[in-house]
2 protein chains.
Amino acid sequence: MEYNDKQQQIISTAEKLFASNGFDGTSVRDIATEAGVNLAMISYYFGSKEKLMQAVFAMRTEHMRLRFQTLLENKDLAPLQKVYLLVDDYIDKILEQQEFHKIMMREQMINKNSAIALMICETKKRNMELIKKLINEGQKAGQFKKNIDVMLLMTTLIGTTSQLVTTQHFYREVSNHQDMPDDEFQKHLKKKLSTHLKSLFKALLTYEN
Amino acid sequence: MEYNDKQQQIISTAEKLFASNGFDGTSVRDIATEAGVNLAMISYYFGSKEKLMQAVFAMRTEHMRLRFQTLLENKDLAPLQKVYLLVDDYIDKILEQQEFHKIMMREQMINKNSAIALMICETKKRNMELIKKLINEGQKAGQFKKNIDVMLLMTTLIGTTSQLVTTQHFYREVSNHQDMPDDEFQKHLKKKLSTHLKSLFKALLTYEN
DNA sequence: AAAAACTAATTAAACGTTTGTTTAGTATTA
DNA sequence: TAATACTAAACAAACGTTTAATTAGTTTTT
């Protein structure tokens, strides 16, 4: 689907407002005002508020697939290095689209059986299969230990990242980074999270205990 | 604050509906119908929908404080064992009140500066100070390594638990536990999570790398 | 002990807003 | 001139809250 400037403007405004106020907490009038368009344009272009939400999802998920897959094809890297690449790739993806990620997390909590929830579920399954393959490689190479619960590993990856993203204002306060410009803080966040998750993965994948 | 039977009924119905549909996604009429009380009783008893939400929070947070503190006073346990106790205590607490936890997570995302968000923030800070003390003990005893980022440690604890709780239906499906009765599944979840987080904490606190 | 006065609990109905969506008409563009 | 873009106004439904009236239970007065 291709959108003109005005439609793009509506979509990104909707994304921002849905992220900070929730779907039900955002009125179509809020979106129209903030986007600087007439109220009726939203129904005109998207049909309904619900379909506008779906447009937000469509935009964000369109180029999301197949991002990990190239990792597996690179045979030159050690299994652990591949896992590190995957972790950084995931962190990048989430930090790049924080607003959308918030929406996704909330939708996952609320609508257990909506079309959107099913889509999230499918993406997760696909990603899990990829990670499983990657870990199997490492196990066959004798570099990873046996009995690794991939599901819990993913849960920690997703959970830690989500938690840090949604409570970054808290992190900013506690670590006295309130005066830091936001782009610099984002870099700091990424670096910290990357280091943390990598040492965590290394421990869970390689150490016997 | 003490509540009569009817008020309790309203509060727990509200908790359930807020958890599954969100605050804005739940109407006062929904709550009244589900709780089997007249619509006006909610305003009569609680003043407003917002104050009803606060009542839910008040109920759940009243006896939440000082739960960890006894852990620190027990001098007979090794530092790592104390951390293990803390992890299990946290898991128990979250799994006991999953519905409320969902509400809290969502509120944290949305209302960055509400009274509720501030309360959550304070609780977190207090808990972090306790964990810091606990870790310092272990470091002085030479059993924990230096340079431990307590904030990220907490983020992983909270994040992993939250993520597993909110996507437990997914976990159920992937691990083929759909036919398992719910109380048994909850026990299974608790056990899995406990093992996972403990080995994770052990790695992050003790191994040098 | 009976009657009256008072308090709290409960109800159906209505209040004024806000909601998402539609309509009917006007401007713009190709 | 035909199609598309756009607008102000109106729509009915749903919303949180309030009202006025009724019931039930307790206290006070006679």
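Protein chains get the first letters and strands the later ones, always in sequence-line order, with residue 1 at the start of each.
- Remark: C1' of C/dT19 and CD1 of A/I31 are 12 Å apart, rounded to the nearest angstrom.
- In this structure, B/N38 atom CG and D/dT18 atom P are separated by 15 Å, rounded to whole Å.
- Minimum atom distance to the side chain of B/S43 is reached by D/dT17, of the listed D/dT17, C/dG20, C/dT22.
- Within 4.0 Å (heavy atoms only), B/S27 reaches sugar-phosphate atoms of the nucleic acid but no base atom.
- Rounded to an integer number of Å, the gap from NZ of A/K6 to P of D/dT4 is 17 Å.
- B/K51 has its NZ atom 9 Å from the P atom of D/dT17, to the nearest Å.
- Within the nucleic acid shown, A/F46 has no heavy atom closer than 4.0 Å to any nucleic acid atom.
- Within the 4.0 angstrom heavy-atom criterion, no nucleotide atom of any strand lies near B/I42.
- The nucleotide whose nearest atom lies closest to any side-chain atom of B/Y45 is, among C/dA9, C/dT21, D/dT17, C/dA9.
- Computed from coordinates, the B/R29 CZ to D/dA14 P distance equals 10 Å when rounded to whole Å.
- Taking the six-membered ring where the residue is Trp, the centroids of A/F201 and A/Y84 are separated by 6.0 Å or more.
- Atoms OH (B/Y3) and P (C/dA8) sit 18 Å apart, rounded to a whole Å.
- Mapped onto DNA chain D by nearest heavy atom, A/L39 and A/Y44 fall at different nucleotides, with A/Y44 at the one closer to the 5' end.
- Annotation: B/D5, atom CG; neighbour count of heavy atoms from other residues, nucleotides and ligands within 6.0 Å does not exceed 12.
- Side-chain N or O atoms of A/K198 include none that pairs as donor or acceptor with a backbone N or O of A/D88 at under 3.5 Å.
- Side chain to side chain, A/T160 and B/T155 fail the donor-acceptor criterion of an N or O pair below 3.5 Å.
- With 3.5 Å as the limit, one finds a donor-acceptor pair spanning the side chains of A/Q168 and A/Q186.
- One interatomic measurement links the two molecules: CG of A/D24 to C1' of C/dG20, which rounds to 12 Å at whole-angstrom precision.
- Following rounding to the nearest Å, A/M41 (CE) and D/dT7 (C1') show an atom-to-atom distance of 9 Å.
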